[in-house]
Participant: 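I am attaching a structure below and will ask some questions about it afterwards.
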There are 2 protein chains.
Amino acid sequence: MSSDTSDGLRERKRAAARATIERAAVELALEHGYDHVTVDMICEAGMVSQRTFFNYFGSKEGVILGQTPPLPTEEAADRFVNKPGSNVLGDFVAMIAGSVVGTEPDPQLFRARRMLIQRTPELFTKELARLGEMEDHFSRMVLARFHAAGRTSIAVPDLEDEARMVIALATGVMHHTLRKWFETDDPAEPQQLLGASIDLIRRITGDGPSTGTSE
Amino acid sequence: MSSDTSDGLRERKRAAARATIERAAVELALEHGYDHVTVDMICEAGMVSQRTFFNYFGSKEGVILGQTPPLPTEEAADRFVNKPGSNVLGDFVAMIAGSVVGTEPDPQLFRARRMLIQRTPELFTKELARLGEMEDHFSRMVLARFHAAGRTSIAVPDLEDEARMVIALATGVMHHTLRKWFETDDPAEPQQLLGASIDLIRRITGDGPSTGTSE
DNA sequence: GCACGAGTTTGCAGTCACTGCATTCTTATA
DNA sequence: TATAAGAATGCAGTGACTGCAAACTCGTGC
C-alpha cells in the first residue's frame with residue numbers, strides 16, 4: 001500500500017528522526033570538535049533520549065561515520081572478476097571508489113562528514129577499520145578474478161596470500177587516496193584522483209609509466 | 001651511582017612495577033579475553049591503584065600494546081636513504097621489520113602480546129593506528145631517499161605524493177605481513193615472511209617474478 | 001641520622017560512553 | 001476500537017578515564 005518512498009508512518013518518522021539526529025550531530029561536531037561534543041548534547045539537539053540515540057546508531061562514532069558503505073553492486077563485482085583491466089590494484093580501487101561515492105544522498109552532509117573524519121584521527125582510524133572488516137569478502141573477490149583468469153591454487157600455491165596482499169595494498173592506496181580526496185576543498189572528481197594514484201603505484205612498483213599491461 | 005642497569009631505587013621500583021602490571025594484564029587477557037578483563041582486575045593483580053595504572057599506561061590498550069615501537073636507528077635510516085636496493089617498498093618494509101623485532105626483551109611476553117593483538121580486532125586496529133602516526137616521519141625519509149637518488153620536486157612535481165604513496169603501500173604490506181607473522185605459531189624468522197611478501201608485491205604490481213630491478 | 005623537597009602513589013569525586021531492563025507510548029491491524 | 005507489535009524513554013549500573021589534593025617514599029645536603 002501507499003507510494004514507494006514511504007511505506008507507513010512509522011518508517012517515515014524513523015527516517016526523519018535519524019536524519020535530524022545525524023544533522024545535529026555533524027553540525028555540533030563541526031562547531032565544537034568531535035570530542036568536545038557529548039552524546040547528551042546530540043540527543044538534546046536531536047530531540048531524542050540518549051537511549052534512543054544508541055538504539056539508532058550504536059555508538060557516538062556511528063552517527064558521524066554514517067551507515068557502512070555498501071558493498072559493490074553485483075554488476076560491478078562481476079565486471080571486476082570477469083573483465084580485468086591491466087592492473088588488479090587499479091581495477092579494485094576503482095571499483096571500491098565507485099561503490100563509495102554517491103552513498104549519501106545529501107552532498108552537503110556528505111562533505112561535512114568527510115571533513116570531520118579527516119580532521120579527527122580517531123574517526124579516521126575507525127573509518128579505515130570499517131573498510132578493513134570487509135577484507136575477507138574482498139580477498140575472495142580477488143581470488144575469483146584470479147581463478148577466472150585461469151590461475152589455480154594448485155599451480156600457484158600461495159594464490160590466496162597473493163589475493164590478500166592485493167587487498168592489503170589496495171587498503172593502503174585507498175588510505176592515500178581518501179586523504180587526498182578529503183584534502184581538496186572542492187568536490188573534485190574522484191576519478192581524477194584515482195587516476196593519479198594509480199599512476200603513482202605504477203611508478204613506484206616497477207614498470208615505467210608507459211609499459212602498460214602487467215598482472 | 002651503582003651499576004649500569006639500575007640507577008636508583010626509584011627507577012628500579014618503577015621498572016619492576018611496570019613489568020608486574022604488564023605481565024598481569026597480558027596473562028589476564030590471555031585467559032579471559034581482552035574485553036572481559038577490567039582495569040580493576042589488572043590493578044588488583046598488579047598490586048597498584050587504578051590511578052597509578054593510568055599514570056603508567058594511559059589506557060587499557062596501552063598495557064597490552066606495550067611501548068610504541070622505536071623508530072629505526074639512525075644507521076638503519078641512513079642505509080635506507082643512501083644505499084637503496086632494487087625496491088623502495090621492500091627496503092622500507094625491511095627497515096621497519098628490523099626496528100620492530102627485538103623490541104621486547106622477554107620473548108615470552110612478546111609472543112603473548114602478538115597473540116592478543118591478533119585475536120582482538122580492537123587491538124589490531126589500534127596497533128595499526130600507532131604505526132600510522134609515524135607516517136609523516138616516514139614519508140620524509142622516503143623523500144630523502146628520492147632526493148639522494150637525484151630526483152627533485154621540481155622535476156617530479158608530485159614527488160611528495162609519491163613518497164606518501166610508498167608509505168601507504170608499505171602500511172598495507174606490513175598489515176599483511178604482520179598478520180601472517182602472528183598466524184604462524186612458531187617464532188619463524190620474520191626475514192623469510194618478508195621475502196615472501198616482497199615476492200608477492202613484485203608479482204602483483206608488474207614486472208614478472210624474474211625481472212628483478214625496478215624503482 | 002635527619003630533615004626537607006622532589007617525585008610518586010593513592011583515594012575520591014566526577015564525566016562520559018554505553019548496556020540491560022522494565023515501563024510507557026504509538027502505530028498498525030483485526 | 002481493542003489489542004498486539006514496535007518504538008521511545010527512564011533509570012540504574014558498569015567501566016574507562018581525568019583532575020585534584022592528600023599521603024607517602026626516595027634522594028640529598030647537612
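Worth knowing before you read on, the calculation uses all heavy atoms, side chains too, and leaves out hydrogens, waters and symmetry mates. Order of the sequence lines fixes the chain letters, A, B, ..., with proteins taken first and strands second; residue numbering starts at 1 for each chain.
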Participant: In residues 25-48 of chain B, what residues come within less than 4.0 Å of DNA chain C, judged by heavy atoms?
Facilitator: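 Hits under 4.0 Å, by residue number: B:Val48.
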Participant: Could you work out which one of C:dT27, C:dC18, D:dG27 sits closest to the side chain of A:Lys60?
Facilitator: C:dC18
Participant: Check this for me: does any side-chain nitrogen of one of A:Asp158 and B:Lys180 sit under 4.0 Å from a carboxylate oxygen of the other?
Facilitator: no
Participant: Students often get this wrong, so: under 4.0 angstrom with heavy atoms, is B:Tyr56 touching a base, only sugar-phosphate, or nothing?
Facilitator: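 Sugar-phosphate only.
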Participant: Look at the side-chain N and O atoms of A:Ser49 and state whether any lies under 4.0 Å from the OP1 or OP2 oxygen of D:dT9.
Facilitator: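 Answer yes for this pair, as a side-chain N or O of A:Ser49 is under 4.0 Å from OP1 or OP2.
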Participant: May I have the distance from A:Asn55 (atom CG) to D:dG10 (atom C1'), rounded to whole angstrom?
Facilitator: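 Computing the A:Asn55:CG to D:dG10:C1' distance gives 12 Å.
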Participant: Whole-Å distance between C:dA17 P and A:Leu123 CG?
Facilitator: 13 Å
Participant: Could you tell me if the side chain of A:Leu143 sits less than 4.5 Å from the side chain of A:His147, heavy atoms only?
Facilitator: yes
Participant: From CG of A:Leu9 over to P of C:dT27, roughly how many Å is that when rounded to an integer?
Facilitator: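 After rounding, the reported distance stands at 5 Å.
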Participant: If we check salt bridge (Lys or Arg N to Asp or Glu O under 4.0 Å) with B:Arg113, which of these qualifies: B:Glu22, B:Glu127, B:Glu27, B:Glu61?
Facilitator: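 Among B:Glu22, B:Glu127, B:Glu27, B:Glu61, the one meeting salt bridge (Lys or Arg N to Asp or Glu O under 4.0 Å) with B:Arg113 is B:Glu22.
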Participant: Grab the NZ-P distance between A:Lys13 and C:dC25 for me, whole Å please.
Facilitator: 14 Å
Participant: Write down the distance between CD1 (B:Ile21) and C1' (C:dT8), rounded to a whole number of angstrom.
Facilitator: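 The answer, rounded to whole Å, is 13 Å.
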Participant: For nucleotides 18-20 of chain D, print each protein N/O atom paired with a nucleotide N/O atom at under 3.5 Å, atom names and distance only.
Facilitator:
unit_1 : atom_1 : unit_2  : atom_2 : d
D:dG19 : N7     : B:Arg51 : NE     : 3.3
D:dG19 : N7     : B:Arg51 : NH2    : 2.8
D:dG19 : O6     : B:Arg51 : NE     : 2.6

Participant: Taking all heavy atoms of B:Ala29 and all of B:Ile64, pick out the closest pair and write down the distance.
Facilitator: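 The answer is CB-CD1, 4.1 Å.
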Participant: Which atoms form the tightest heavy-atom contact between B:Val173 and A:Leu169, and what is the distance?
Facilitator: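 So the minimum-distance heavy-atom pair works out to CG2-CD2, 3.6 Å.
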Participant: State, with a plain yes or no, whether a side-chain heavy atom of B:Phe124 is found less than 4.5 Å away from one of B:His175.
Facilitator: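 The answer is yes, as the side chains (C-beta and beyond) meet within the 4.5 Å cut-off.
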Participant: If you pin B:Arg10 and B:Phe53 to their nearest nucleotides in DNA chain C, which one's is more 5'?
Facilitator: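 Comparing both residues, the 5'-ward one is B:Arg10.
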